[in-house]
Q: 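Before I ask anything, here is the structure I am working with.
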Amino acid sequence: MGILPPVEGLNDEQSKNSPERAADVWPGWRVTDERAFLAKMFSDDELRGKPSQARVSGLVSLVRSPWPTILIICLVLAVYRDPALSQITLDDLVIRAFDISISIAPVPLKYNFEGGQLRFTSRGSLRGTTTAMVEVTSPSPVAIARFSFDSDVTLKSVTALGHNVASKRRRDTLMLTFTPPLSPGAKVPVTFVYEGQPLYIFDEFVLVSEGSLYPLLISPFGDFSANLGRVKLKLTAPGGYSIAGTGKLIAKEGGVRTWDSEVPVPWVAVAGGRKHTVREKTLHGVTMQFYVPPGEDRNLDKLADFAGRSVGFFSHLLYPFPYSELRAVSLFVPGASGLGYPGLLMIDARAFRNNFPGDLNRDSFLFHLIAHELAHGYVPSQTVPKGIGFIWLSEGFAEYLSLMAVEALLGPDAFKRELQEERDNYAFVAATATTEPSIAAITFANYHGPATWVIYAKGSLVLHMLRGVLGDELFKNGLAAYFSTFRGRAARVADFQTTMERVSGQSLGWFFDQWINEKVLPDYTITRVTSLPTPDGAFQTTATVRNLGTGQMPVEVGFVMDGGDVQIQKAEIPSSGEVTVTAMTQKPVKQVEVDPKKWVIQKDYKNDVAPVR
């Protein structure tokens, strides 16, 4: 899906001087001059804490928008937790099914400028009733449940069969207390009735998702793994609106549409608008519908082809595409260039119009964008990230899966282009960020600024490094095993590590400790090279390789001979250490290069080559 750091609320001068503007374009979070301008449309009070209304981009894509709510949750736990009866872990409660009935009343989009910021002065409205089938998986009774629920939506009532339910709100966190407590193994329907004016319900575009569309369980880490259930969604909208929803459309009559998710999913959304028209295509056995305003479809056929080819690639790499229908909606995606839900994509209208700024209309960018959002149909929509590192398990994986799709379907040059942007983007963070969290330390509480770039750029490069360590075949086999094993299940970083170790037959604790739990950054350089002929007519070349940074990785050292042939030796250079690497060749060596294929993340890639003197 796409998790996006807040850029909203910047004034003009801040926008000009922000790292996002300095970078101009970042492939995991595509920031452009227009992006910075549009970001100002969403003020702090309008977006702060709104669940998943701003996803990350895509390459862009989320998991959810960053919330200060997580800190609030921790405070709430301290105040309300009963050691005997509270929801101690996320596993204590799960939701097996949602039945959602919603009506929306869009309004014309209106806004004005205040203090250099553009603010909405109009808001559409929403009314809804949701019944969640809550199951108690805890061995002891559970009295308290925590839900994510947009503070712009008022809870009118909440009921549970056989229980009294008291509710307390703190911004976007809804605390429910059940009396008597829910018994172990119990399955209890909990019904919410609500109404409000959440973003974004406008004539020009509609985008409403989980947390605003309906409440859902949230863990102290901010993940949504407890909501993996079958979802039935009924939406009533005024006549003349084309609205897409998550799942298979099972009924349509007038302005009433009903979708069935077909398989358990952790969240759903709706998107569309008054001017959108629907174009249908069938590619790779999947029915696809594209919701695009007239005259804004210059790239429609190209994007449809990219979507179909991506579906085919993921179906072969992982398992068959899990949804019978796929919808893609062209609209302004707040703070992102794309959002991905189960069988539902929201794609920046500029991709359809072919008017991204700069060179972002290149095929490799557009393919990466579409493939990233489609990958979210697998993760986090089927393999649902859980616990420490859950954002990386979603966004980092979708980013690299889409890079693999670019490599397979557009070729190695396109892959190298997009992969190099990931390197450049992370290098910018490593060079400028005063504080950079480890991947494991990133939750929605600190998911902004450098942390967001770490998830996309570094997160995808970490998977690329793991591919280099294991080799192409073992890495792909491990991915397939992981996604198949945890299809329709929640998964932790430890589950991914265990799967890759089982498939490869290698211990990988050293890799995950360094790159997920800790923060390391190697910096290789060659301090000395000598080459001498041997009595038998060969050449012995010795290079001293130093690691000016931190971390210890198996790294290739390439001895480049006259004519361009390369002999590869492998070495492990400890933090701030050096090793001597020797190669025997039949031709003279003209230069030595550390990590010639650029598998390893480094602080500086410009000091990796040394000539033979």
Side-chain angles (χ1 to χ4, degrees), residues 2-26 29-57 60 62 65-68 104-126 150-153 171-172 196-209 211-212 271-276 293 296 329-339 346-353 355-358 360 448-449 452:
I3 305 179
L4 179 76
V7 184
E8 67 277 2
L10 296 179
N11 60 37
D12 291 337
E13 192 60 30
Q14 288 171 323
S15 291
K16 292 176 184 176
N17 296 327
S18 68
E20 292 85 349
R21 289 293 297 273
D24 189 45
V25 176
W26 178 61
W29 176 20
R30 302 297 186 179
V31 181
T32 65
D33 289 346
E34 182 176 353
R35 172 72 68 233
F37 169 76
L38 292 174
K40 291 185 289 184
M41 292 182 65
F42 303 94
S43 63
D44 291 344
D45 60 330
E46 286 172 327
L47 273 188
R48 182 174 294 145
K50 299 301 180 289
S52 74
Q53 292 295 357
R55 296 298 188 96
V56 178
S57 100
V60 106
L62 187 83
S65 62
W67 306 333
I104 60 171
V107 298
L109 173 63
K110 296 181 181 179
Y111 54 84
N112 60 24
F113 283 95
E114 294 180 10
Q117 296 182 13
L118 202 116
R119 299 176 182 272
F120 292 111
T121 58
S122 64
R123 288 207 182 196
S125 59
L126 172 151
D150 191 343
S151 59
D152 287 330
V153 180
R171 294 177 67 98
D172 296 319
Q197 293 182 301
L199 293 168
Y200 307 91
I201 306 176
F202 301 113
D203 291 343
E204 290 77 4
F205 72 97
V206 173
L207 171 54
V208 191
S209 58
S212 300
R274 194 169 194 170
K275 294 182 179 179
H276 289 66
E296 299 187 9
V329 183
S330 169
L331 42 68
F332 164 53
V333 182
S337 54
L339 306 179
M346 292 82 146
I347 303 298
D348 192 314
R350 292 174 296 177
F352 285 90
R353 297 194 299 254
N355 68 342
F356 274 119
L360 295 184
H448 51 78
T452 307

Q: Can you check whether Leu207 reaches Phe332 side chain to side chain, under 4.5 Å on heavy atoms?
A: no
Q: To the nearest 0.5 Å, tell me how far Ser122 OG sits from Asn112 CG.
A: 10.0 Å
Q: Begin from the C-alpha positions of Phe205 and Val329 and carry the test side-chain contact (heavy atoms from CB on, under 4.5 Å) through to its verdict.
A: CA-CA 10 Å; Phe205 72 97; Val329 183; over 6 Å; no
Q: Applying salt bridge (charged side-chain N to carboxylate O under 4.0 Å, His left out), which residue pairs with at least one partner in residues 196-207 are found, sequence neighbours left out?
A: Asp203-Arg274
Q: Looking only at non-hydrogen atoms, find the nearest pair between Ala349 and Glu296 and report the distance.
A: CB-OE1, 4.5 Å
Q: Would you say the side-chain atoms of His276 pair up with the backbone N or O of Ser330, donor to acceptor, closer than 3.5 Å?
A: yes
Q: Could you check if a side-chain atom of Leu126 sits within less than 4.5 angstrom of a side-chain atom of Ile201, using non-hydrogen atoms only?
A: yes
Q: Work out which heavy atom in Val208 is nearest to a heavy atom in Ser212; give both atom names and the distance.
A: CG1-CB, 3.9 Å
Q: Quick one: are Gln197 and Val153 in side-chain contact, heavy atoms under 4.5 Å?
A: no
Q: Does Arg350 use its side chain to pair, donor to acceptor, with the backbone of Asn355 at less than 3.5 Å?
A: no
Q: Quick check: does any side chain N or O of Asp150 sit under 3.5 Å from a backbone N or O of Gly211, one acting as donor and the other as acceptor?
A: no
Q: Considering only heavy atoms from C-beta outward, does the side chain of Arg123 approach that of Val107 to under 4.5 Å?
A: no
Q: Which atoms form the tightest heavy-atom contact between Ile347 and Phe352, and what is the distance?
A: CB-CE1, 3.7 Å
Q: Quick check: closest heavy atoms across Asp172 and Ser151, and the distance to 0.1 Å?
A: OD1-N, 2.6 Å
Q: Nearest 0.5 Å, please: how far is OH in Tyr200 from CG in Leu109?
A: 11.0 Å
Q: Enumerate the salt bridge (charged side-chain N to carboxylate O under 4.0 Å, His left out) contacts for residues 108-117, please, sequence neighbours excluded, ordered by first and then second residue.
A: Glu114-Arg119
